[in-house]
Amino acid sequence: KACPRCNGLVFPAEKMVSLNNWYHKKCFSCSECTRPMDQFIACDAPDGEIVCKQCYNKKYSCSAYTMSGGDMLKFLSTTTIMANDGDSAACPRCRGKVFHNERVVTKGKNYHKKCALCKMCEKNIGTKDICDGEDGEIYCKFCYHRKFAPIGYRGAGCSDWIDNDATNALRHSFQAF
């Protein structure tokens, strides 16, 4: 492989590895502060460069701004960096590229934390609470069971929850024919 900094051939004995590239040891430095790095403090930046953890936090993290992380997440655009066609790191909701530190994973799909919302209640869903629906959408566990569980289970204690499909199915399942 070629080193992206000097375009020279990188031999396995001298390689320094980032997420996507191989570098020479002398070329493996922060693109912001030019500090020499090892593989433990190197971070891949969204622009394809490598930076040290301190520069990454200064430039790309929510702490670089005066808002809290949750508030900042609302304003960040997930479509700033678009994924290539057929890229497995593409978010199904916004088609933006999903980076490793911001992904919520389901069966074969990666969502941004901002885009991982329940289809019904629009609640943010974490990796542990996410359910893939039979319709290809994602749901929180609560809404998934309400929508896709067997009919007797859907109707248990759900009088304040409204879903036309579920109530029609419940109504028709108890009618005498």
(request) Determine, stepwise, if the pair Lys147 / Asp135 fulfils side chain to side chain contact (heavy atoms under 4.5 Å, CB included). (result) CA-CA 11 Å; Lys147 185 163 179 112; Asp135 57 357; 4.2 Å; yes
Minimum side-chain heavy-atom gap [X]-[Y] below 4.5 Å:
| X | Y | value |
| --- | --- | --- |
| Glu14 | Lys25 | no |
| Phe28 | Pro36 | no |
| Tyr111 | Val98 | no |
| Val17 | Gln39 | yes |
| Val104 | Ile125 | no |
| Cys140 | Cys131 | no |

Where [X] and [Y] come nearest, the two heavy atoms and their spacing:
| X | Y | result |
| --- | --- | --- |
| Gly48 | Tyr23 | O-OH, 4.3 Å |
| Met37 | Cys30 | CE-N, 3.5 Å |
| Ile138 | Ala116 | CD1-CA, 3.9 Å |
| Pro92 | Lys109 | CG-CD, 3.9 Å |

(message) Let's go through Cys43 and Cys52 carefully: what are the C-alpha distance in whole Å and the side-chain angles of both, what is the deciding distance for side chain to side chain contact (heavy atoms under 4.5 Å, CB included) to 0.1 Å, and is it a yes or a no?
(response) CA-CA 6 Å; Cys43 297; Cys52 65; over 6 Å; no
(request) State the CG-SG distance between Asp129 and Cys143, to the nearest 0.5 angstrom. (result) 11.5 Å
(request) Drop me the distance from Arg103's CZ to Lys97's NZ, to the nearest 0.5 angstrom. (result) 12.0 Å
(message) Does Lys113 form a side chain to side chain contact (heavy atoms under 4.5 Å, CB included) with Asn124? I'd like the steps, not just the answer.
(response) CA-CA 8 Å; Lys113 288 180 183 175; Asn124 272 331; over 6 Å; no
(request) Please lay out, stage by stage, how Cys94 and His112 fare under the test side chain to side chain contact (heavy atoms under 4.5 Å, CB included). (result) CA-CA 9 Å; Cys94 70; His112 293 105; 3.4 Å; yes
(message) I'd like to know if the side chain of Asp132 reaches the main chain of Lys107, judged simply by a donor and an acceptor atom lying under 3.5 Å from each other, with no hydrogens or angles considered.
(response) yes
(request) Look only at the side chain of Asp44 and the backbone of Leu19, and say whether a donor-acceptor pair between them is shorter than 3.5 Å. (result) yes
(request) Determine, for Glu137 against Arg93, whether the closest basic-nitrogen to carboxylate-oxygen distance falls under 4.0 angstrom. (result) yes
(request) May I ask you to decide whether Glu49 forms a salt bridge with Arg5, counting only side-chain N to carboxylate O separations under 4.0 Å? (result) yes
(message) Please check if the number of heavy atoms outside Gln54 that lie under 6.0 Å from its CD is greater than 12.
(response) no
(request) Could you tell me whether Lys1 atom NZ has more than 12 heavy atoms of other residues or ligands within 6.0 Å of it? (result) yes
(request) Return the orientation label for the Tyr139 and Tyr144 ring planes: parallel under 30°, perpendicular over 60°, tilted otherwise. (result) tilted
